[in-house]
Student: 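Quick one: structure below, then a few questions.
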Amino acid sequence: MTIDIFPAKEGQGRIHGMREYQQTYEAAQRDPNAFWDRVAQRLTWFHPYHTVREGDFTDGSVNWFSGGRLNVSFNCLDRHLKTRAEKTAIIWEADNPADTQHISYKQLHREVCRMANVLLAHGVRKGDRVCIYLPMVPELAYTMLACCRIGAIHSVVFAGFSADSLRDRILDCGARVIVTANEGLRGGRVLPLKQICDRACEGLAKLDSVLVVRRTEADTPMVEGRDHWLHEAMKAQRAYCPAEWMHAEDPLFILYTSGSTGKPKGVLHTSGGYLTYASYTHETVFGYRENDIYFCAADIGWITGHSYIIYGPLANGATTIMFESTPMFPNPDRYWDIVERHGVNIFYTAPTAIRALAAKGDQWLEGRDLSSLRVLGTVGEPINPEAWQWYYDKVGGGRCSIVDTWWQTETGGMMITPIVGANPVKPGSATLPFFGVEPILVNEHGERLDGNDVTGHLCIAKPWPSMARTIWGDHERYLHTYFSTYPGYYFTGDGCRRDEHGNYWITGRVDDVLNVSGHRLGTAEIEASINSAELVAESAVVGFPHAIKGTGIFAYVVLQADAESSDHDVVSFSVREQVTRDISKIARPDEVLIVSGLPKTRSGKIMRRILRKIAEHEYEKLGNLTTLADPNVVEHIVEAHHENC
Ligand code: WTA
């Protein structure tokens, strides 16, 4: 297959051509401390740090900018007030396209201060955790920034998660205050958030307050003494609240993400290094300019929204769009409508959205003025070259730079990515590492693969400022998950190829994590939910290629002995419902196949490799079956799959 190379559009970025990229990259390699010391000057420090970096991967105790004091909300707000008070900080694009709101830096500062005072009035203090279960409304931004203003740690839970998922997260981080909305509005549909939240909070002894945003006029039962309308509470507070002097290493937020085993883990990010990296990458990778209108279409419930809707852009004094709805509402031209109405210059979304929109046909782009666009970004999963080309031609009109940014919840910011104006790009490749990032590939024996044209597991060899510092309440799990597989390196969980020119191609997860529509899910969580469904004895979940979602969810389900004659359609339906209830609609299996048994080794380990091949219809590529306890199982599964198709 020949691969087209698209040269960099040099005038569009802040880094001019590959020479400057290479010089900067090498400078960061030669003397990382001097490099990051320079970069960190972009923030306002109340008190200077004494050491750029301490610790390394061998003991998992990295810290950045020790001794330094700063406040993240001060960096995102107060310091802009001299020159950007009237500039729009957030354009809120509501579910209904007629309900746009422009929030200036001055207004945002006032609302954040009010919100900070509300939290203080409800007993929240430095180091306390606040759980946020909100749709994409301005109060979500207010609450996040209010938390960092007073030194509280926020834990945002995506508003599509179930009551059980929310409850687990509240309990794990020990939040005493929750901020939610009476209802959410998305794609014209109503989400009963307060109801879900009430279920999640049943009997939680440590919970003090539930603060409720009134998003709709619906009647909302309030629990006396516990629940409070947020707009009333904010009205009672003054619009100034001093910003705490936080240590660079003080926790900023917890964000739960799925791993290959057990329950989601609370990834912890801290203040100085995270903000330095988020703001620097936002400016450099996208080639951000002062008067750009910037639109990241992610949800703030995920890391992309944290780093590239809120913290990076606001630290840079940007105008950032917060979008409450879906790309399909009211029609599949909503993004283009937003681009046209607001004059968007930089647009950042996930490949799954691009594929879904491409599938709706080009007519939705016709007649739209997209000429303001300069930069297009993608994130969350590998982008297939067809989707890339569509994005480039139809959305970007061949004029725009495309950046395919690889990174993770744990990395806090973009790690391997083209930089606008610098890198020639190959569709489907995240190209080269960002400054200060040293990716390496290792084989299954943990040996480093040098040179080009190699494939292995992707690790990072050196600490970077926005790396996760721990897993909340379980540092051992942190060390085990990221630093024990390949000692001395951070293990990403992704497979990767470095091609003959040194460009990186992420091939997807090599552990039991799935990227479904750009959402990260653990097969273990989904299996635990399926196994709790009625009549189910056990199950195994694998991913399979899906035209829109990238990866679909395939569940193999074994019924209890006395249930084998049950109607398979009924069981499949109840399995799907169970997962939706326990986790979220995003985790609902696309395929459920009832089988008589699972392929296991003699020691009882499920051989997912075989199940993946069957889900992909690659029956002839099942490989060696001799290590199975019962090789006949495979034949039965293949038969069942055939019958089902
Ligand atoms: C995948 C999202 C290929 C990858 C910011 C990673 C990607 C996981 C890309 C992290 C990309 C993210 N190309 N794969 N450009 N970006 N991934 O934690 O498997 O939700 O490990 O963070 O998404 O997902 P997470």
Side-chain angles (χ1 to χ4, degrees), residues 156 158 160-161 253-260 264-269 274 277-278 281-282 285 296-309 311-312 348-355 376-385 387-388 391 402-419 423 425-434 437 439 457-460 466-468 471 481-482 485 490-497 503-523 543 545 549-551 584 586-587:
V156 180
F158 172 59
F161 275 123
F253 64 82
I254 300 168
L255 187 58
Y256 286 86
T257 191
S258 298
S260 40
K265 44 195 185 216
V267 169
L268 183 96
H269 283 287
Y274 172 80
Y277 197 88
T281 47
H282 171 258
V285 171
C296 167
D299 191 288
I300 294 175
W302 313 107
I303 190 70
T304 305
H306 281 61
S307 300
Y308 298 113
I309 297 178
Y311 291 115
Y348 192 28
T349 189
T352 187
I354 298 167
R355 288 191 295 266
L376 303 172
T378 70
V379 60
E381 46 176 323
I383 182 162
N384 47 311
W388 192 100
Y391 201 29
I402 296 198
V403 289
D404 170 1
T405 65
W406 174 86
W407 57 293
Q408 308 179 295
T409 305
E410 294 87 341
T411 69
M414 302 158 176
M415 298 290 281
I416 302 181
T417 174
I419 292 175
N423 304 59
V425 168
K426 299 176 193 175
S429 168
T431 70
L432 296 175
F434 189 71
V437 173
H457 288 184
L458 178 63
C459 295
I460 309 292
S466 64
M467 58 179 277
I471 290 172
T481 308
Y482 305 112
T485 318
Y490 165 82
F491 176 43
T492 64
D494 278 317
C496 184
R497 185 167 85 84
N503 282 300
Y504 290 82
W505 299 74
I506 309 296
T507 52
R509 302 287 306 197
V510 294
D511 53 9
D512 295 321
V513 170
L514 307 177
N515 290 320
V516 179
S517 299
H519 302 316
R520 187 164 151 184
L521 297 164
T523 54
K549 296 178 166 189
T551 301
S584 166
I586 57 180

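Whatever order the structure lists them in is the order used to number ligands and atoms, beginning at 1.
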Student: At a 4.0 Å threshold, what atoms of ligand 1 neighbour a non-hydrogen atom of T409?
Tutor: 18 (O), 20 (O), 22 (O), 25 (P)
Student: Is there a donor in the side chain of S258 and an acceptor in the side chain of R520, or the other way round, less than 3.5 Å apart?
Tutor: no
Student: Identify which of H306, M415, E381 has a heavy atom lying nearest to atom 14 (N) of ligand 1.
Tutor: E381
Student: Nearest protein heavy atom to atom 19 (O) of ligand 1, by residue and atom, and its distance?
Tutor: D494 OD1, 2.7 Å
Student: So, does G493 sit close enough to ligand 1 that a heavy atom of it is under 4.0 Å from the ligand?
Tutor: no
Student: Output the list of atoms in ligand 1 that are nearer than 4.0 Å to some heavy atom of T405, sorted by atom number.
Tutor: 9 (C), 11 (C), 15 (N), 16 (N)
Student: Atom 3 (C) of ligand 1: which protein heavy atom is closest, and how many Å away?
Tutor: P382 N, 3.1 Å
Student: Is the shortest side-chain heavy-atom distance between N503 and K426 below 4.5 Å?
Tutor: yes
Student: Sequence neighbours left out, what passes side-chain contact (heavy atoms from CB on, under 4.5 Å) with T405? Give chain and number order.
Tutor: V285, Y348, V379, V403, W407, M414, T417
Student: Atoms of ligand 1 less than 4.0 Å from V379 heavy atoms?
Tutor: 5 (C)
Student: For E410, is at least one N or O under 3.5 Å away from an N or O on ligand 1?
Tutor: no
Student: Which one holds for I383 and ligand 1: side chain close, backbone close, both close, or neither close, with close meaning a heavy atom under 4.0 Å?
Tutor: neither
Student: Starting from atom 16 (N) of ligand 1, which protein heavy atom do you reach first, and at what distance in Å?
Tutor: G380 N, 3.0 Å
Student: Taking the basic N atoms (NZ, or NE/NH1/NH2) and the acidic carboxylate oxygens, is any pair closer than 4.0 Å for R355 and E381?
Tutor: yes
Student: Which residue supplies the protein heavy atom nearest to atom 10 (C) of ligand 1, what is that atom called, and how far is it?
Tutor: W407 O, 3.6 Å
Student: Could you pull out the closest heavy-atom pair between Q408 and T492, with the gap in Å?
Tutor: NE2-O, 2.7 Å
Student: Which ligand 1 atoms does T304 reach within 4.0 Å, using its non-hydrogen atoms?
Tutor: 5 (C)
Student: In this structure, is the centre-to-centre distance between the rings of Y504 and W406 below 6.0 Å?
Tutor: no
Student: Among protein heavy atoms, which sits nearest to atom 8 (C) of ligand 1, and what does the distance come to when rounded to 0.1 Å?
Tutor: N515 OD1, 3.8 Å
Student: Quick check on contacts: which atoms of ligand 1 are under 4.0 angstrom from a heavy atom of D404?
Tutor: 11 (C), 13 (N), 15 (N)
Student: Rounded at 0.5 Å granularity, tell me how far NE2 in H282 sits from CD1 in I309.
Tutor: 10.5 Å
Student: Going by the angle between their ring planes, with limits at 30° and 60°, are Y274 and H269 parallel, tilted or perpendicular?
Tutor: tilted
Student: Measure the distance from atom 24 (O) of ligand 1 to every protein heavy atom, then report the residue, atom name and distance (to 0.1 Å) of the closest one.
Tutor: R520 CD, 3.6 Å
Student: Below 4.0 Å, non-hydrogen atoms only: which portion of Q408 touches ligand 1? Side chain, backbone, both or neither.
Tutor: both
Student: With rounding to the nearest 0.5 Å, note down the distance linking CZ in R509 to OG1 in T523.
Tutor: 11.0 Å
Student: In Å and rounded to the nearest 0.5 Å, what is the CD1 to OH distance from I303 to Y311?
Tutor: 10.0 Å
